[in-house]
Each structure stands twice: as C-alpha cells, then as structure tokens.
Amino acid sequence: MSTVGNSTNIFWQESPIGKTERQKLLNQKGCVVWITGLSGSGKSTLACSLSRELNNRGKLSYILDGDNLRHGLNKDLGFKAEDRVENIRRVGEVAKLFADAGLICIASLISPYRKDRDACREMMQNSSFIEVFMNMSLQLCEARDPKGLYKLARAGKIKGFTGIDDPYESPLNCEIELKEKEGECPSPVAMAEEVISYLEDKGFLQNE
Ligand SMILES: Nc1ncnc2c1ncn2[C@@H]1O[C@H](COP(=O)(O)OS(=O)(=O)O)[C@@H](OP(=O)(O)O)[C@H]1O
Ligand SMILES: Nc1ncnc2c1ncn2[C@@H]1O[C@H](COP(=O)(O)OP(=O)(O)O)[C@@H](O)[C@H]1O
C-alpha cells in the first residue's frame with residue numbers, strides 16, 4: 001500500500017507477461033526515439049520516414065506526434081510554460097508504456113526545455129531513451145514555415161512562439177544530432193538511416 005502523487009491506498013498490479021517476452025515475440029527491443037527541435041525543423045517528417053523504414057525492416061514502431069496528441073490526450077493544454085511541461089511529462093509517460101510494450105516509440109515534439117527532456121530520459125531504463133536533435137537554424141525553419149505560424153508570430157498574432165518569443169534549449173548530450181550542411185538539409189530517408197544505424201549498433205533491432 002502506498003501514496004503516489006494525489007492517490008492513496010494504491011497497489012502495483014503485476015502483469016503475467018513481461019517486457020522480455022513481448023520483445024522476443026517482436027524480435028526487437030523497446031525504446032524511445034525522442035525527436036526534439038524547432039517548429040519546422042523536420043521532426044514529423046523524420047518520424048514518418050523512420051517509422052516507414054522500420055516497417056520495411058519488419059520492426060514495429062509507433063509515432064507520438066506533439067501536434068496530434070494535442071487533438072486528444074493533451075487537448076486541455078496550451079503553450080504556456082507549465083502546459084508545455086505537463087505536455088512533455090505526459091508524453092514521456094506514454095512513450096515509456098509503448099517502450100515497455102516492446103515497440104520503438106518515436107516521440108516528435110518541440111519539447112523546448114532541457115529539464116523536461118532529461119526527466120523523460122530518467123523515466124526510462126538506461127540507454128533506451130535516444131534523443132535526436134533536429135539542429136536546424138531558425139532561419140531555415142522560418143523560411144519553410146509550412147503552416148504559416150512563424151509569419152503570424154512575427155506579426156504578433158501568436159504570442160509565445162518557440163524560437164521567436166519563447167525559448168528553445170538545445171540538448172547538451174543527445175545521442176544523435178542532425179544538422180544542415182552548407183544550408184542544405186539531408187534527405188528524410190538519409191536522416192532515418194542515420195537513426196536506424198544507431199538502433200542497429202545498439203542492438204534494438206534484434207532480440208538475441
Ligand atoms: N506558441 C507555439 N509555439 C510552438 N508551437 C506552436 C505554438 N502554437 C501552436 N504551435 C503548434 O504546436 C506544435 C508544437 O506542439 P508540441 O506539443 O510539440 O509543443 S511543446 O513540445 O509542448 O512545446 C507545433 O508543431 P510543429 O510545427 O510540428 O513543431 C506548431 O504547429
Ligand atoms: N529533410 C528535409 N529536407 C527537406 N525538407 C524537409 C525535410 N524535412 C522536413 N522538410 C520540410 O520542412 C517542413 C517542416 O517539416 P515538419 O516535419 O513538418 O517539421 P516539424 O514537425 O518539426 O514542424 C515541411 O514542409 C517538410 O516537407
């Protein structure tokens with residue numbers, strides 16, 4: 001019996017099938033690939049490309065996309081600092097469940113605060129949190145502006161837009177950093193392959 005958060009008298013219910021058994025069934029290891037970066041940096045594009053490439057290799061993945069989750073699970077949250085903190089905390093918890101299910105969970109969110117990303121890392125077992133930093137310049141993201149949000153933010157029609165009048169804290173120790181080279185961004189497939197090589201090297205795509 002214990003107290004957790006605001007709940008008292010709660011008990012942990014063990015499951016008859018463990019993560020090891022599920023991973024064996026899937027021939028892979030559960031993990032979280034956490035993609036962070038500015039709006040327009042290519043997070044969703046990489047998430048989709050990575051999921052497709054993994055699928056082609058017979059590996060099961062699932063995308064948790066910030067924008068999409070704000071249509072449901074996180075529809076009560078906005079973009080003020082405490083809402084972003086709660087957004088990342090919830091998605092971290094959900095990602096942890098997907099990884100426990102044995103899946104390669106691809107979380108794609110701006111996740112602007114280092115402390116919150118680190119807290120998600122802390123939730124996970126050692127080395128199964130792979131932080132991917134989309135290190136694209138604000139200039140590139142703003143030039144892309146596929147949803148016209150930077151334009152609105154510059155015009156003062158959106159307040160607290162990340163990179164314009166709200167902070168983005170770059171990772172200090174991420175596992176993978178993807179960058180533009182001479183103003184050119186690698187293709188989504190090339191970026192997905194870089195992540196897949198990492199997953200392969202670390203043994204996530206098999207279960208010996
Ligand atoms: N104020 C403000 N700042 C940043 N982004 C904004 C804002 N308002 C709306 N949007 C849209 O919301 C998407 C980001 O949602 P996230 O859940 O990833 O954000 S966060 O991690 O909680 O910061 C983001 O999607 P992406 O462009 O895919 O990153 C935007 O489309
Ligand atoms: N590797 C890439 N090369 C060229 N264009 C890209 C690349 N990745 C994304 N884009 C384009 O940039 C825009 C923003 O990408 P998106 O994945 O929606 O970013 P985010 O999810 O970070 O907001 C889209 O128009 C997309 O087609």
Side-chain angles (χ1 to χ4, degrees), residues 32-53 61-95 105-121 123 129 131-171 174 176-197:
V32 174
V33 176
W34 190 281
I35 307 173
T36 173
L38 292 173
S39 176
S41 60
K43 301 180 298 297
S44 305
T45 305
L46 171 60
C48 292
S49 176
L50 178 58
S51 194
R52 169 57 57 204
E53 294 294 319
S61 65
Y62 192 83
I63 299 174
L64 298 176
D65 186 274
D67 250 334
N68 292 356
L69 295 173
R70 283 173 176 277
H71 284 80
L73 177 69
N74 294 329
K75 68 169 158 198
D76 55 327
L77 302 177
F79 289 93
K80 53 183 197 279
E82 61 262 41
D83 284 4
R84 294 191 201 240
V85 171
E86 176 60 9
N87 185 32
I88 301 315
R89 188 195 70 79
R90 283 185 203 170
V91 179
E93 291 286 358
V94 174
C105 180
I106 306 168
S108 157
L109 297 99
I110 296 178
S111 41
Y113 309 132
R114 199 175 291 137
K115 193 161 153 270
D116 301 331
R117 296 190 303 265
D118 288 347
C120 293
R121 180 188 291 277
M123 287 178 204
F129 183 88
E131 190 172 354
V132 180
F133 175 31
M134 302 302 287
N135 190 2
M136 307 301 159
S137 63
L138 175 63
Q139 198 187 16
L140 176 77
C141 298
E142 200 170 350
R144 286 176 170 167
D145 203 9
K147 304 169 193 158
L149 299 179
Y150 281 102
K151 204 165 171 220
L152 291 173
R154 288 286 187 199
K157 291 181 181 151
I158 300 178
K159 303 278 182 219
F161 195 78
T162 306
I164 303 297
D165 56 350
D166 225 51
Y168 177 80
E169 300 168 0
S170 301
C174 59
I176 302 172
E177 181 179 359
L178 298 168
K179 280 199 208 187
E180 343 160 29
K181 287 169 194 116
E182 289 148 20
E184 289 284 307
C185 183
S187 74
V189 170
M191 290 195 286
E193 273 166 4
E194 194 168 333
V195 179
I196 287 181
S197 295

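Start at 1 and go down the list; that is how both ligands and their atoms are numbered. As a basis for the values below, the full set of heavy atoms in this structure was taken, side chains included, without hydrogen atoms, waters or symmetry mates. Everything numeric in this text was worked out from a predicted model, so none of it was measured.
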**Student:** Give me the ring orientation class for Y150 and F161: parallel if the planes are under 30° apart, tilted from 30 to 60°, perpendicular past 60°.
**Tutor:** perpendicular

**Student:** Within ligand 1, which atoms have a heavy atom of I88 less than 4.0 Å away?
**Tutor:** 21 (O)

**Student:** Minimum heavy-atom separation for M134 and K43, please, with both atom names.
**Tutor:** CG-CG, 4.0 Å

**Student:** Can you tell me the protein heavy atom closest to atom 2 (C) of ligand 1 and the distance?
**Tutor:** F161 CD1, 3.4 Å

**Student:** Suppose I only count heavy atoms of T162 and a 4.0 Å limit; which atoms of ligand 1 are within that range?
**Tutor:** 3 (N), 4 (C)

**Student:** If you have a sec, work out which protein heavy atom is nearest atom 16 (P) of ligand 1 and how many Å separate them, to one decimal?
**Tutor:** R70 NE, 3.7 Å

**Student:** Which atoms of ligand 2 are found less than 4.0 Å from any heavy atom of L38?
**Tutor:** 22 (O)

**Student:** Starting from atom 11 (C) of ligand 1, find the nearest protein heavy-atom neighbour and note its residue, name and distance.
**Tutor:** F79 CZ, 3.8 Å

**Student:** Provide, to 0.1 Å, the distance between atom 1 (N) of ligand 1 and the closest protein heavy atom, together with that atom's residue and name.
**Tutor:** G160 O, 2.9 Å

**Student:** Can you find a pair of side-chain heavy atoms, one from L140 and one from E180, that are under 4.5 Å apart?
**Tutor:** yes

**Student:** Does NZ or CZ of R117 lie under 6.0 Å from the centre of the six-membered ring of F129, at an angle within 45° of the ring axis?
**Tutor:** no

**Student:** Can you list the atoms of ligand 1 that are under 4.0 Å from a heavy atom of P112?
**Tutor:** 21 (O), 23 (O)

**Student:** In terms of atom number and element, which parts of ligand 2 are under 4.0 angstrom from non-hydrogen atoms of S39?
**Tutor:** 23 (O)

**Student:** Who's the nearest protein heavy-atom neighbour of atom 21 (O) of ligand 1, and how far?
**Tutor:** S111 N, 2.8 Å

**Student:** Can you report which non-hydrogen protein atom sits closest to atom 1 (N) of ligand 2, along with the distance?
**Tutor:** P186 O, 2.8 Å

**Student:** Compute the minimum heavy-atom distance from C185 to ligand 2 and say whether it is under 4.0 Å.
**Tutor:** yes

**Student:** Between the candidates K159, K80, K43, R84, which shows the shortest non-hydrogen contact distance to atom 23 (O) of ligand 1?
**Tutor:** R84

**Student:** Would you check whether R144 has a nitrogen or oxygen atom less than 3.5 angstrom from a nitrogen or oxygen atom of ligand 2?
**Tutor:** yes

**Student:** What protein heavy atom sits nearest atom 25 (O) of ligand 2, and how far away is it?
**Tutor:** P146 CB, 3.7 Å

**Student:** What residue and heavy atom of the protein are closest to atom 19 (O) of ligand 2, and at what distance?
**Tutor:** G42 N, 3.0 Å

**Student:** Between D76 and R90, does any side-chain N to carboxylate O distance fall below 4.0 Å?
**Tutor:** yes

**Student:** If you compare all heavy atoms of E53 against all heavy atoms of A192, which two are closest, and at what distance to 0.1 Å?
**Tutor:** CG-CB, 4.1 Å

**Student:** Return yes if a side-chain donor-acceptor contact under 3.5 Å exists between T36 and E131, otherwise no.
**Tutor:** no

**Student:** Purely on distance, is any nitrogen or oxygen of S41 under 3.5 Å from one on ligand 2?
**Tutor:** yes

**Student:** May I ask you to identify the nearest protein heavy atom to atom 31 (O) of ligand 1, giving residue, atom name and distance to one decimal place in Å?
**Tutor:** K147 NZ, 3.0 Å

**Student:** Step by step, would you call S108 with L46 a side-chain contact (heavy atoms from CB on, under 4.5 Å)?
**Tutor:** CA-CA 9 Å; S108 157; L46 171 60; over 6 Å; no

**Student:** Under 4.0 Å from a heavy atom of L109: which atoms of ligand 1 are those, numbered in the order shown and with their elements?
**Tutor:** 17 (O), 18 (O), 21 (O)

**Student:** Report the part of L38 in contact with ligand 1, treating N, CA, C, O as backbone and CB onward as side chain, heavy atoms under 4.0 Å; options are side chain, backbone, both, neither.
**Tutor:** neither

**Student:** Among all the protein's non-hydrogen atoms, which is closest to atom 27 (O) of ligand 1, and how far away is it?
**Tutor:** S39 OG, 2.6 Å

**Student:** Which heavy atom in S111 sits nearest to a heavy atom in I35, and how many Å separate them?
**Tutor:** OG-O, 4.4 Å

**Student:** Does atom CD of E82 have more than 12 heavy-atom neighbours from other groups under 6.0 Å away?
**Tutor:** yes

**Student:** Using a strict cut-off of 4.0 Å, indicate which atoms of ligand 2 neighbour a heavy atom of M191.
**Tutor:** 1 (N)

**Student:** Using side-chain heavy atoms (C-beta onward) and a distance below 4.5 Å, is L138 in contact with I164?
**Tutor:** yes

**Student:** How many angstroms lie between atom CD1 of I63 and atom SG of C48, to the nearest 0.5 angstrom?
**Tutor:** 4.5 Å

**Student:** Which protein heavy atom lies closest to atom 14 (C) of ligand 1, and at what distance to 0.1 Å?
**Tutor:** I110 CD1, 3.6 Å

**Student:** Among all protein heavy atoms in this structure, tell me which lies nearest to atom 9 (C) of ligand 2, with the distance rounded to 0.1 Å.
**Tutor:** T45 OG1, 3.3 Å

**Student:** How many angstroms lie between CG in N135 and CG in L38, if you round to the nearest 0.5 Å?
**Tutor:** 9.0 Å

**Student:** Using the side-chain contact (heavy atoms from CB on, under 4.5 Å) rule, take N87 and V91 through it: C-alpha gap first, then chi angles, then the decisive distance, then the call.
**Tutor:** CA-CA 6 Å; N87 185 32; V91 179; 4.0 Å; yes

**Student:** Does P112 reach the side chain of Y168, with side-chain heavy atoms less than 4.5 Å apart?
**Tutor:** yes

**Student:** So is G40 polar-close to ligand 2, meaning N/O to N/O under 3.5 Å?
**Tutor:** yes

**Student:** Are any of the heavy atoms in N87 under 4.0 Å away from ligand 1?
**Tutor:** yes

